[in-house]
Colleague: 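So that we are looking at the same thing, I have put the structure below in structure tokens.
Note that the coordinates shown come from a computational prediction; the quantities given were computed from them, not determined experimentally. Excluded from the calculations below are hydrogen atoms, water molecules and symmetry mates; all remaining heavy atoms, backbone and side chain alike, are included.
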Amino acid sequence: MTYTIEKVTTLIGARRYGDKDTNIGFILTDSRSLCFPEETLFFALKSERNDGHNYIPELYRRGVRNFVVTNVPKGYASDYPEANFLKVVNTLEALQRLAERHRDEFNIPIVGITGSNGKTMVKEWLHQLLSPNMFVTRSPRSYNSQIGVPLSVWLMNEQTEVGVFEAGISQPGEMLALRDIIQPTIAVLTYLGSAHQENFESLEAKCREKIILFHDAETIVYNGDDEIVARVVGEYHDYKGEKLYWSLKDSAAPFYVKNIEKKGNLSIITYIYKGEEDSYSLPFIDEASVTNSIIAAVVSRKLGLTAEEVDKRMSLLEPVAMRLEVKEGQHGCTLINDSYNSDINSLDIALDFMSRRPDHKGRRHTLILSDIFQSGENPKDLYKEVSDLCRKRGVVKFIGVGPQLYEQSDEIQISEKFFFRNIEDFIKSEVFASLRDEVILLKGARQFGFDQLTELLVKKVHETTLEVNLNAVVANLNYYRSFMKPETKLVCMIKADGYGAGAVEIAKTLQDHRVDYLAVAVADEGVTLRKNGITSNIMIMNPEMTAFKTMFDYDLEPEVYSFRILDALIKAAEKEGVTGFPVHIKLDTGMHRLGFDPENDMEELIARLKHQNAIIPRSVFSHFVGSDDDSFDAFSAQQFALFDKGSKQLQAAFDHKILRHICNSAGIEHFPDRQLDMCRLGLGLYGINSRNNKTINCVSTLKTTILQMHHIKAGESIGYSRRTILDKDSVIAAIPIGYADGLNRHLGNRHAYCLVNGQKAEYVGNICMDVAMIDVTGIDCKEGDSVEIFGEQLPVQTLSEILDTIPYEVLTTISNRVKRVYYQD
């Protein structure tokens, strides 16, 4: 759904500066999440540590034209001539008001879920139960805060038949705004626990705050067996709606749970609803899952699911990803990573998981724990409870990180225990270095930086280096930009570790120069960029189905090229609670490698995309087969015609702007009329013009040094298998580079040469794994002198032509053990 900027101005009660007409389809609060700038309204939120107003210049450069602000920038008319600024007193309240007005547009069932625990699991299970019957819009992940709730409600559109939204609070006074935004017809309280208790004088006080969500709801759902909840709900004497509470004790309850039976890995729940006894099977046996399934069953039956439908779908429920991950660690360790939250209840769940995990190696169990915040307990009592839990769950080694744990170390009654004030001290310690053959639970609050607990990086010493000229990268970028219209966007390919140049440093340079997208091959490459501070949009060109969660976690946008991967991606997104995730649709117009058929697949593709809200097409693209060769121009024209038709058909099915792109490096230069909304810059960025195989600006120079020199008599052989026999007395030098570094074996035996002090030195003998030999007879050189394998003086194209291949292959086969040295000339 879209709103005119004029309508938005009215809805939030703003004063408008600027007169550009536009439609708003997306709202943004975090500049790093920008995806659809053309239709985005940015709310410049202020916090204690940040101010969204600081990101207005960057966002304007990236295409955003609509901003909600408390202060209009000085000189806005000249500095931001295309912009609209909507001035309000409070940008957060304006965001919430807009979402509230958007909610008013819908007369459908809306489920609002609050509680100390279980909100996300109940929400996700409700989605799994309801979605076969109706189109469900729900909160992404755990978007349940003062910012997350309005962002979630905004996701409702014309297709939405039921909304399911979480509402989380941490202090008094927060629920009223969330209730007004969600306006639930069915309000749910999952569980009343100790989370955030420090901000409330009692559990009753917290319960009263939470059930503000109940006010005006047609139906309220809660645990009738919880005495505090039942008493506080009972205080609502004037409530006229339906109290649909569930109970294991009260047979007169609207939803009476008559029996819970556990058989192996199944729980069988028998219940009575509206006078009829029914049951369902759940593929989980833990208490939290059973309780959450009961809540989901109550809501599902209220929304019209039959007992048979509930039974069938409950048996198929999938676990909800809560970031408790098991991974193989270094030195024989297994890591259980649970950084989703940090409280005493979730610690017990994680310890229980570790204690029940089968380990045929008999390894000891280790807990690495950070301070626990917002417990509401006295630290001494809290960590005594932690100690008791650890001993009961079989923890034999305890590592505490944080000032509270450091001070309360005596309360931890584990014989082998260590304490550190911060994560940095721990990583530097012998305790960290000595972790061996253990099952390790990592349980830390996010602010402690537990993501740093990764394998130690060992600096590699190697005398072979790849020198990367970052200024040359910028010069090549600007060379291709000179062929493009200012409004045309650019994707820069940095897959294969930046074509061997090192993706991180290349990405930093490109981000500084405001490219619109970066593209890598697989998700791991994107994760590396994110972990090194890259916030630009990142496209994944070869997404693997096993990496979908990684893509969601790190905002990596996958290419979608088949119905198989489309369906799998939608399913994975729905499982993770992801909605509106941007993807890039690939059409096969003649490469016949990957892609949808633009002539036969479009109707089915559009139908499947329209019938879900997990993903959204951000762009549609294809590949020219031969834009670097004029002899293929007729075929290129056929390709473009196919793409033009298919991409326009896709665009016509959606209201939002879908970027179209087909031009690669050669296409940018050769087909200026086909640049469309965006182009992809690959090999050209690294200095090679594929139209003429000439160097534009040399980016990468592979260098090594002379290790040793020998005077060898004529008739002697060089290297393995005696492939080179000297026909004269010669001087042979050994250099520390071999095929393990990326030096192709076919270059040996005088098939190619390198440069020593500017002179050609042929490779002699077979190239070895780590060493090559070169003939330096007649060259003025000595041990330690530099050797150029390719670069400024010896173009990489020279080697690729000798090898009968393309420069891509030579560049991308340079091993990671070759040290990269970056510089600006």
Colleague: Consider side chain to side chain contact (heavy atoms under 4.5 Å, CB included). Of Asn144, Val111, Val149, Ile110, which one does Phe165 pass it with?
Modeller: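 So, applying the side chain to side chain contact (heavy atoms under 4.5 Å, CB included) to Phe165 and each of Asn144, Val111, Val149, Ile110, only Ile110 qualifies.
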
Colleague: Measuring from Phe255:CZ to Tyr273:OH, what's the distance to the nearest 0.5 Å?
Modeller: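 Nearest 0.5 Å value for the CZ-OH distance: 8.5 Å.
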
Colleague: Going by heavy atoms in the side chains, are Thr160 and Ile108 under 4.5 Å from each other?
Modeller: yes

Colleague: Salt bridge check, Lys384 against Asp381: does any charged N sit closer than 4.0 Å to a carboxylate O?
Modeller: no

Colleague: Between Gln171 and Asn199, does any side-chain donor sit less than 3.5 Å from a side-chain acceptor?
Modeller: no

Colleague: State the CG-OG distance between Leu382 and Ser387, to the nearest 0.5 angstrom.
Modeller: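 Atom-to-atom, Leu382:CG and Ser387:OG are 11.5 Å apart.
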
Colleague: Between Lys417 and Glu411, does any side-chain N to carboxylate O distance fall below 4.0 Å?
Modeller: no

Colleague: Hey, are Arg363 and Glu438 close enough for a salt bridge, meaning a charged N less than 4.0 Å from a carboxylate O?
Modeller: no

Colleague: Mind running salt bridge (charged side-chain N to carboxylate O under 4.0 Å, His left out) on Arg138 and Glu574 for me, showing each step along the way?
Modeller: CA-CA 10 Å; Arg138 70 197 191 286; Glu574 291 177 344; 5.8 Å; no

Colleague: Check the surroundings of atom NZ in Lys243: do more than 12 heavy atoms from other residues, nucleotides or ligands lie under 6.0 Å from it?
Modeller: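 Yes.
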
Colleague: Please report the interatomic distance NE2(His102) to CD1(Ile181), rounded to the nearest 0.5 Å.
Modeller: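 So the NE2 of His102 and the CD1 of Ile181 are separated by 12.0 Å.
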
Colleague: When rounded to the nearest 0.5 angstrom, what is the spacing between CD in Gln128 and CZ in Arg313?
Modeller: 11.5 Å

Colleague: Do Phe284 and Trp125 have their ring centres less than 6.0 Å from each other?
Modeller: yes

